[in-house]
Amino acid sequence: MNIGILGLGTVGGGVVNVLSKNRASIFARTGEEINIVQAAVKSLDEEIICPTADFDLTENALAVVNNAEVEVVLELIGGTTFAKDLVETAIKNGKHVITANKALIATHGNQLLALAKSHKVHLLFEAAVAGGIPILKALEQGLSANKIEWIAGIINGTGNFILSEMRDKGRDFADVLAEAQDLGYAEADPTFDVEGTDAAHKLAILASMAFGSELAFSSVSTEGISKISGEDVAFATEMGYFIKHLGVTKKIGEAVEMRVCPTLIPKTQLLANVDGVMNAVMIKGNAVGPTLYYGAGAGSEATASAVIADLVDIIKGTLSPDTFGWQALEPISKQNPDEVQSVFYLALLVADKPGVLAEITKTLAKYNISIEQVLQKPAGNNANISIITNRVKMGILQAAIGQIEAQNFNQESVKIIFVEMLN
Ligand code: HSE
């Protein structure tokens, strides 16, 4: 199988290295040699992490997608403009495409998948979600007997690394982010990691594959990790929870809920104990029950492992001609945010005066919101109050919070954080 590679950075260089070190075992699985014909880099002067002597190296990416010898193009440059042009050209030239580019698939996937289908080639992207974890293959193949009920995942390694280091070592946000960048975990624009955009790209892909709905990145409600304070981490821990930046998608009736936001998870759940750059995805199927997949969510050879798995699938010719194994993807019906039901964690900073806690609980009771746990600690002349509610609709909770915020004892707006019990 002749392949062309666009980009020899962290992922592309990793692919060349893994293909080289595992040549014999990959051949034993496929019965076919994988031959790198040509690779494109931004500059021939840049430092490259893999050997390049055995193939043609060019600065002209179009030469690779137009190279008649190339049968499969690996798009590993990222971005959604030039990368999109290259992928389209490759597909129109009748080449299969494998990409690790979650932004490209999440935003233009519907159109690109249709184009691939019309040209009878495959467009595969296992490496786009959760790095080295074969999560798309698990959904499409291993869980194909199930109706998927929900998915909850830690799907951004950089964000998880930052939260873990801040919680366990008290390290500074900027310092940990710089380390994640040095290690090659972070996106070219690291705000994609900390603001949740990268995780939202991946969640949109997971939801589509799980529920057979079209890719709908713009329907993911996204919140970053910057609103989490040291007090939240400490209070949550005392109440029995860890805070994770979680991607969650659920099918409720015909509607699909998709959100990426800081979320409390019971400390006793395995998912709550996934730290550092590691990713983990929990999937609940209606036959198998809850399942959990864990592994490196970023990094050179871990991501290369997923890219090469797609290549092996193409060589073996065992892929379904349908998108994600669904005969057709349906338009998505987005869950009304007011109707989203969950347990919630509320953080309030209030004046430390008699009757304040009573006023808060009275308002929650008025909206029929039951309280699971309350924790109060002094904060100078004020008090930090954290509350964990029972299950309630977001619309009702927001109405109650609006009434609480209208009282003059509040020192700042009330923070609302989702709690997922994962059962
Ligand atoms: N920046 C991403 C992460 C890389 O940290 O998870 C893998 O998609």
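Counting convention: from 1, in listed order, for ligands and their atoms alike. Heavy atoms only: backbone and side chains are in, while hydrogens, waters and symmetry mates are out.
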(message) Given a heavy-atom cut-off of 4.0 Å, could you list the residues near ligand 1 in chain and number order?
(response)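 Residues near ligand 1: Lys102, Asn156, Gly157, Thr158, Tyr185, Ala186, Glu187, Asp193, Asp198, Lys202, Gly297, Ala298.
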(message) Around atom CD1 of Ile371, are there more than 12 heavy atoms from other residues, nucleotides or ligands closer than 6.0 Å?
(response)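 More than 12 heavy atoms, drawn from other residues, nucleotides or ligands, come within 6.0 Å of this atom.
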(message) Taking atom CD as the centre, does Glu59 end up with more than 12 heavy-atom neighbours from other residues, nucleotides or ligands that are less than 6.0 angstrom away?
(response)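 Result for CD/Glu59: enclosed.
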(request) Compare every heavy atom of Val65 with every heavy atom of Ala90, then report the nearest pair and how far apart it is. (result)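 It is CB-CG1, 3.9 Å.
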(message) Under the rule for salt bridge (Lys or Arg N to Asp or Glu O under 4.0 Å), what residues qualify as partners of Glu339, not counting sequence neighbours?
(response)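 Listed in chain order: Lys393.
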(message) Give me each pair satisfying side chain to side chain donor-acceptor pair (under 3.5 Å) with a member in residues 111-131, each pair once, sequence neighbours excluded.
(response)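 Output for this query lists Glu88-Gln111.
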(request) Could you list all the ring pair (Phe, Tyr, Trp, His ring centres under 6.0 Å) pairs where at least one residue sits in residues 307-348, not counting sequence neighbours? (result)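 Found Phe125-Phe324, Phe344-Phe418.
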